[in-house]
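All remarks here apply to the structure that follows.
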There are 2 protein chains.
Amino acid sequence: MNKESKDAVLNRYMAQHGLKSTRQRSLIIDTFFSVGGHLSVEELWSKVREQDTKVSVATVYRTMKLLNDCGLAHARNFGDGQTRYEAAAGREHHDHLICTRCGQIVEFENDRIEAMQDAVARKHGFIVTSHKMELYGLCKDCQRTASERKTEA
Amino acid sequence: MNKESKDAVLNRYMAQHGLKSTRQRSLIIDTFFSVGGHLSVEELWSKVREQDTKVSVATVYRTMKLLNDCGLAHARNFGDGQTRYEAAAGREHHDHLICTRCGQIVEFENDRIEAMQDAVARKHGFIVTSHKMELYGLCKDCQRTASERKTEA
DNA sequence: GTGTCTGCAAATCGTTTGCATAGCA
DNA sequence: TGCTATGCAAACGATTTGCAGACAC
């Protein structure tokens, strides 16, 4: 059903904007949703080229912008210099835990933090429309690696 | 006294790394700390050039990287495509409220949110070393502007 | 002196765009 | 047919780098 509503959103959006469905677009979109995670355009492009060598980066950029505009994907920026996209259809808002050693990204959500953010904003006269919260640190595995290294040294 | 410790940190860092104090570096650093706020390299460069027309952007980039490395400045990324720097010496950790209409940036800190972030991370096996939290929305003035517009329309 | 800086311009990196051609409806 | 999409390569904006001369110590 998630699948259906995704296609529905996409079809409606494309119809409303006079956009056409093409082989490349479908391939890119299918690949994006089937791979999942937080993909950079570069990564997605290489996945797509496993199916069709001729697709250009430009098309991947254009398609991801389209998915972002119709709300099916969210552009994210984790400080590594490239934009990453994540699937957004019917998903709750969430934030990220990022391991600075291995790059693993874990999603989480916490209503109490969100409520407190609103409270802080209100105190400063702001009305919050969106926010970004990223926690950087070491995941369980990398903590172990780090302590092993210390022991070895 | 803040000034003294800043210079102390800088001098120690420069001595340890065999770096030299130059006219341009001093000018850039002084300008950065005296202007304050969240400066892009471009903005800082233009301020610096009011004093010395000959300074190149490259030097400003190199100097800000230096300040960042020795911990006196923090690089920030508010999604407008350019890196912004803020003074960091002896300041508490804080987060940002950003007005999406006028670009105003307000700093705030909230220990309870930070505590909850740590708790969430722990639940996922992470140890947090740093984080980024930005709340985007409308500041008081821009809310008024927005509602006036609605009234006019 | 000698090794670090600086300015300049060229290079890079991620991303966007113009244009002629290919493709969907 | 008519209009959108694609691929390509050139254009972009922010940032970095190689190099020869300038400067600090």
Side-chain angles (χ1 to χ4, degrees), chain A residues 7 10-32 38-49 51-70 73-85 103, chain B residues 7 10-32 38-49 51-70 73-85 103:
Chain A
D7 287 350
L10 190 57
N11 290 334
R12 178 161 40 75
Y13 186 88
M14 296 198 18
Q16 282 176 354
H17 293 256
L19 305 179
K20 298 178 176 174
S21 164
T22 66
R23 187 172 40 80
Q24 292 90 327
R25 262 185 197 163
S26 305
L27 173 58
I28 293 167
I29 293 174
D30 288 350
T31 306
F32 172 68
H38 302 79
L39 288 171
S40 68
V41 172
E42 204 62 29
E43 289 164 354
L44 178 55
W45 186 36
S46 87
K47 291 286 181 189
V48 165
R49 281 198 297 181
Q51 304 299 127
D52 180 345
T53 345
K54 302 285 179 48
V55 177
S56 81
V57 226
T59 302
V60 180
Y61 274 104
R62 290 190 268 234
T63 304
M64 291 318 294
K65 172 163 296 195
L66 160 57
L67 276 188
N68 188 70
D69 289 347
C70 71
H74 280 154
R76 296 270 182 186
N77 217 113
F78 296 122
D80 59 352
Q82 34 186 15
T83 302
R84 291 177 175 279
Y85 288 92
Chain B
D7 287 351
L10 189 59
N11 290 334
R12 178 161 39 75
Y13 185 88
M14 297 198 18
Q16 281 175 353
H17 294 255
L19 305 178
K20 297 179 177 174
S21 165
T22 66
R23 187 172 40 81
Q24 293 89 325
R25 263 185 195 162
S26 306
L27 173 58
I28 293 166
I29 294 173
D30 288 349
T31 305
F32 172 68
H38 302 79
L39 287 172
S40 68
V41 172
E42 203 63 30
E43 289 165 353
L44 178 55
W45 187 34
S46 87
K47 290 287 180 188
V48 165
R49 281 198 297 181
Q51 303 299 126
D52 180 346
T53 345
K54 301 287 179 48
V55 176
S56 81
V57 226
T59 302
V60 180
Y61 274 104
R62 289 190 269 234
T63 304
M64 290 318 293
K65 172 162 294 195
L66 161 57
L67 276 189
N68 188 69
D69 290 347
C70 71
H74 281 154
R76 296 271 182 186
N77 217 110
F78 296 122
D80 60 351
Q82 32 187 14
T83 302
R84 292 178 174 278
Y85 288 92

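Sequence lines set the chain letters: A, B, ... in the order given, protein chains first and strands last, and positions in each chain run from 1.
Non-hydrogen atoms lying under 4.0 Å from DNA chain C are contributed by B:Gly18, B:Leu19, B:Lys20, B:Thr22, B:Gln24, B:Arg25, all within residues 16-28 of chain B.
Residues A:Leu66 and A:Arg25 have side chains in contact (heavy-atom distance under 4.5 Å, counting atoms from C-beta outward). Taking 4.5 Å as the limit, some side-chain heavy atom of A:Lys65 sits within range of a side-chain heavy atom of A:Asp69. Side-chain atoms of A:Leu10 and A:Cys70, non-hydrogen and from C-beta on, do get closer than 4.5 Å to each other. With contacts defined as side-chain heavy-atom distances shorter than 4.5 Å, the pair B:Phe78/B:His38 qualifies. In this structure, A:Leu67 and A:Tyr85 have side chains that are not in contact, with every pair of non-hydrogen atoms separated by 4.5 Å or more. Between A:Leu44 and A:Val41 there is no side-chain heavy-atom pair separated by less than 4.5 Å. The side-chain heavy atoms of B:Thr59 and B:Thr22, taken from C-beta on, include no pair separated by under 4.5 Å.
Between A:Lys54 atom NZ and C:dG23 atom C1' the separation is 15 Å, expressed in whole Å. In this structure, the CE atom of B:Met64 is 18 Å from the C1' atom of C:dC5, given to the nearest Å. With rounding to whole Å, B:Arg49 atom CZ is found 15 Å from C:dT6 atom C1'. Distance, A:Tyr13 OH to D:dT4 C1': 14 Å, rounded to whole Å. As rounded to whole Å, 18 Å separates atom P of D:dA5 from atom CG of A:Asp52. Rounding to whole angstrom units, CG of residue B:Leu66 and C1' of C:dT4 are separated by 13 Å.
When each of B:Glu42, B:His74, B:Glu43 is checked for a side chain to side chain donor-acceptor pair (under 3.5 Å) with B:Arg84, only B:Glu43 meets the rule.
OP1 or OP2 of C:dG7 lies within a sub-4.0 Å distance of a side-chain N or O belonging to B:Thr59.
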List the protein contact pattern of nucleotides 9-21 of chain D with one symbol per nucleotide (5' to 3'): B for base contact, S for sugar-phosphate-only contact, - for none; contact means a heavy-atom distance under 4.0 Å.
-----SBBBB---
